[in-house]
Enquirer: 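Please see the structure below; I have some questions.
Every chain is numbered from 1, with letters handed out A, B, ... down the list of sequences.
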2 protein chains.
Amino acid sequence: MARVKTVDRGTVIAPSEGRGDVRRSVGLREVAQAAGVSTATVSRAINNPDVVSADLRERIAVAVEQLGWVPDGAARALSTRRSQTIGAVFPALSIGDFAHATQAIQSELSQAGYTLLLACSEYDPDLELRQVRKFVERGVDGLILVGQAHHPELVPLLRRRDMPFVNTFVYDSQTHGTCVGPDNRKALMMMTDHLADLGHVRFGVIAQSTRNNDRASARLDGVRDALASRGLAVRPQHFAMGEWSIADGRRLLRSLWQTDPKPTAIICGNAHLAVGAVLEALAMGLRLPADLSIVGYDDIEIMSHLPVPVTTVRVPGAEIGRIAAQVLTARLEGRDCAVSFEAEAELVIRASSGPPPLD
Amino acid sequence: MARVKTVDRGTVIAPSEGRGDVRRSVGLREVAQAAGVSTATVSRAINNPDVVSADLRERIAVAVEQLGWVPDGAARALSTRRSQTIGAVFPALSIGDFAHATQAIQSELSQAGYTLLLACSEYDPDLELRQVRKFVERGVDGLILVGQAHHPELVPLLRRRDMPFVNTFVYDSQTHGTCVGPDNRKALMMMTDHLADLGHVRFGVIAQSTRNNDRASARLDGVRDALASRGLAVRPQHFAMGEWSIADGRRLLRSLWQTDPKPTAIICGNAHLAVGAVLEALAMGLRLPADLSIVGYDDIEIMSHLPVPVTTVRVPGAEIGRIAAQVLTARLEGRDCAVSFEAEAELVIRASSGPPPLD
DNA sequence: TTGTAGGCGTTATCAG
DNA sequence: CTGATAACGCCTACAA
């Protein structure tokens, strides 16, 4: 099959010139020509400078500067089969510590030479799957997810292309090496024990939906298990469900307070609910913790500044993000690295929790 | 932190196996072969289905499914010179409304078929420039930035490659079509007028640094100008500078309250400072607004829930993000679109502001 | 140390 | 409507 080889570009450019712009953007070729070297040398000067003589390196640097050349990531990615890109899918950014975690991930990745692609799943496994699939098409080198419970097709999809990923904000010893975070269940057992040790017996719970949220489920399990081991349980009427807003916290605290008997301690499933509950309790004239103990999960800044500082579980969101990024980049670069990580959830005891009223 | 060695998880990778893999990853070619058509047809079936006969379309769909083919974004980007990717550089994510805005941008872009690349500048123009440059190398189709004041090389860099971009959270009539946001100066003039109309004369200011932050500067200008037009001014000792924390707000409120004469109204440059100032004032036993008026900027959820709800300026962060994304994608697709947009900053008057004490 | 040349996986032009 | 094939811009053996 006699095929004419690629004609030297630039020799003849048809005036019609289809999609190519008139002023061809400068590329490696132009730089090479300007510096009087081959494209290979320019490429090396960029990616592996020490292997190029100082002389040429300098000439090339000048040419790059003059022409204002910027390497083309797509071409590089196509050639190396690496995009230097990591995708992260978070449920949302304005909830709990996710913003901090995202920031930490970005910063860490940036330092390691990676770029962060970000998407939100809105707690919808289907959407999460779609976002992940899009990331795969975009050619990300790895993924950071939240939680362990994903769409059934998600992990297979990743495994098939052996795409590295790490689940964050969860930890359980079952799943080796794929998660970075606190043991949500243990954290809430700890919190529940704290309250039970103070003498509480009637517990209320204000939690976000556990639908598509294994962290939330695990937290509830923690409360249940800790209570069960003492022969206690949360009465149905002392269980209230909201989402992630202060308004929900207020509303639900008010409704729990209308039960009889009332709980003496209320455990909130997230920081927003806890803040709302505390503010509503104060607005209702309750004395915390004399009349009621209220505790939360996640130590956002406001927690320690409310008129009654709130007892909570501190989860190091930024650190989790940082470590997730490190684990991932290490794995990508074949470096040895801790692949299993349990973040220490710390009980932060403040004024909102204390012994139950005597009555 | 429990460090565990990498455990081989199932996937055995032959030691030889370089990138010239035995099982070449499936590509357009393999799909074409399996479907008995040309690669061109497969490509068309994907990107322009209506131009392919239903028959072939079906056969191709089957082949794609069977082989589990996923198109390669890098190759596509290289070929089309479009990455379907937008870069956003925010100062931070955990400040003010940036998380909401980012989420809105992501959602909007996703719907339009774009992916979001995210980076943080930490209020450092050099870092911002570096992040932008990296995004340009990554081949983003457009950029979303915050503010108008950038590194001097930034805009030229973008102009040279005529890369579309939009500045967010700012608006001024000078710069046509490149910004989406509120007029920060006007917003604080409005706020200042509100207080002055109530009869305040001695104003205090608790603000974040204006260094590398044109929004913060504009806000201070607004306060100054509004006061100046009434022959008023902030006394030096009534001016305190912090950053974005509740703790700063508390500290600075306390220090302002030690001056003599004291201000009767304190304007805070951001929501975090305002929340801190209000909480500290309450902790000090001050009655708001009887003893002191305190106002903020940005209407984050907590503002309306504090024991004394806080008067503030509501900036529609999510909407700004959404519009920025729309403007950008419209421009990229040659669609006609409003290119200049001023977001309405709304004065939200709550209980923390009122007439000055009589004394 | 440097150059030559053959991909990387898609798209798009052009001819059937 | 379909097929063949030249780019897209860079990387990287392999050769010199």
Enquirer: What pairs with E108(B) under side chain to side chain donor-acceptor pair (under 3.5 Å), at least two apart in sequence or on another chain?
Expert: Q326(B)
Enquirer: With sequence neighbours excluded, what pairs up with Q103(A) under the side chain to side chain donor-acceptor pair (under 3.5 Å) test?
Expert: S94(B)
Enquirer: Find the distance I60(A):CD1 to dT1(C):P and express it as a whole number of Å.
Expert: 13 Å
Enquirer: Name all residues meeting the side-chain contact (heavy atoms from CB on, under 4.5 Å) criterion together with V52(A); count only those two or more places apart in sequence or in a different chain, and write none if there are none.
Expert: T41(A), R44(A), A45(A), L56(A), R57(A)
Enquirer: Taking the side chain from E122(A) and the backbone from A92(A), do they hold a donor-acceptor pair closer than 3.5 Å?
Expert: no
Enquirer: Whole-Å distance between dC8(D) P and L28(A) CG?
Expert: 14 Å
Enquirer: By side-chain contact (heavy atoms from CB on, under 4.5 Å), which residues pair with Q66(A), not counting sequence neighbours?
Expert: V62(A)
Enquirer: So which of residues 49-56 of chain B are in contact with DNA chain C, with a heavy-atom cut-off of under 4.0 Å?
Expert: none
Enquirer: Not counting sequence neighbours, which residues clear side-chain contact (heavy atoms from CB on, under 4.5 Å) with D214(B)? List them please.
Expert: Q148(B), A149(B), V170(B)
Enquirer: Once you round it to whole Å, what is the distance between C1' of dG9(C) and CZ of R138(A)?
Expert: 16 Å
Enquirer: Rounded to the Å, how far apart are E58(B) CD and dT2(D) P?
Expert: 14 Å
Enquirer: I need the CG-C1' distance between D72(A) and dG9(D), as an integer number of Å.
Expert: 6 Å
Enquirer: Please list, by residue number, the residues of residues 41-48 of chain B whose heavy atoms come closer than 4.0 Å to an atom of DNA chain D; answer none if no residue qualifies.
Expert: T41(B), R44(B)
Enquirer: Looking only at the side chain of S38(B) (C-beta and beyond, no hydrogens), which of the listed nucleotides dT11(C), dG3(D), dC8(D) gets closest?
Expert: dG3(D)
Enquirer: Only pairs at least two apart or in different chains count here, so list each salt bridge (charged side-chain N to carboxylate O under 4.0 Å, His left out) that has a residue in residues 133-157 of chain A.
Expert: R133(A)-E153(A)
Enquirer: With sequence neighbours left out, what residues match D50(B) under side-chain contact (heavy atoms from CB on, under 4.5 Å)?
Expert: N48(B)
Enquirer: So if I take the C1' atoms of five pairs at each end of the helix from dT1(C)-dA16(D) to dG16(C)-dC1(D) and get each local axis, what angle do the two axes make, rounded to 10 degrees?
Expert: 30°
Enquirer: To the nearest Å, how far apart are R76(A) CZ and dG9(D) C1'?
Expert: 11 Å
Enquirer: Among residues at least two apart in sequence or on other chains, which ones pass side chain to side chain donor-acceptor pair (under 3.5 Å) with E333(A)?
Expert: Y114(A), R335(A)
Enquirer: Looking at the base of dG7(C), is there any donor atom on it, or on the side chain of S79(A), that sits under 3.5 Å from an acceptor on the other one?
Expert: yes
Enquirer: I would like to know whether E128(A) and H151(A) meet side chain to side chain donor-acceptor pair (under 3.5 Å); could you show each step before the answer?
Expert: CA-CA 8 Å; E128(A) 185 186 39; H151(A) 190 288; over 6 Å; no
Enquirer: Is the backbone N or O of T39(B) less than 3.5 Å from a side-chain atom of S43(B), with the two atoms forming a donor-acceptor pair by type?
Expert: no
Enquirer: With DNA chain D as reference, determine whether V37(B) or A75(B) sits nearer its 5' end, using the nearest nucleotide of each.
Expert: V37(B)
Enquirer: Taking the side chain as C-beta and beyond, is there a heavy-atom pair between L129(A) and H150(A) under 4.5 Å?
Expert: no
Enquirer: Which ones in residues 62-70 of chain B lie close to DNA chain C, meaning a heavy atom under 4.0 Å from one of its atoms?
Expert: W69(B), V70(B)
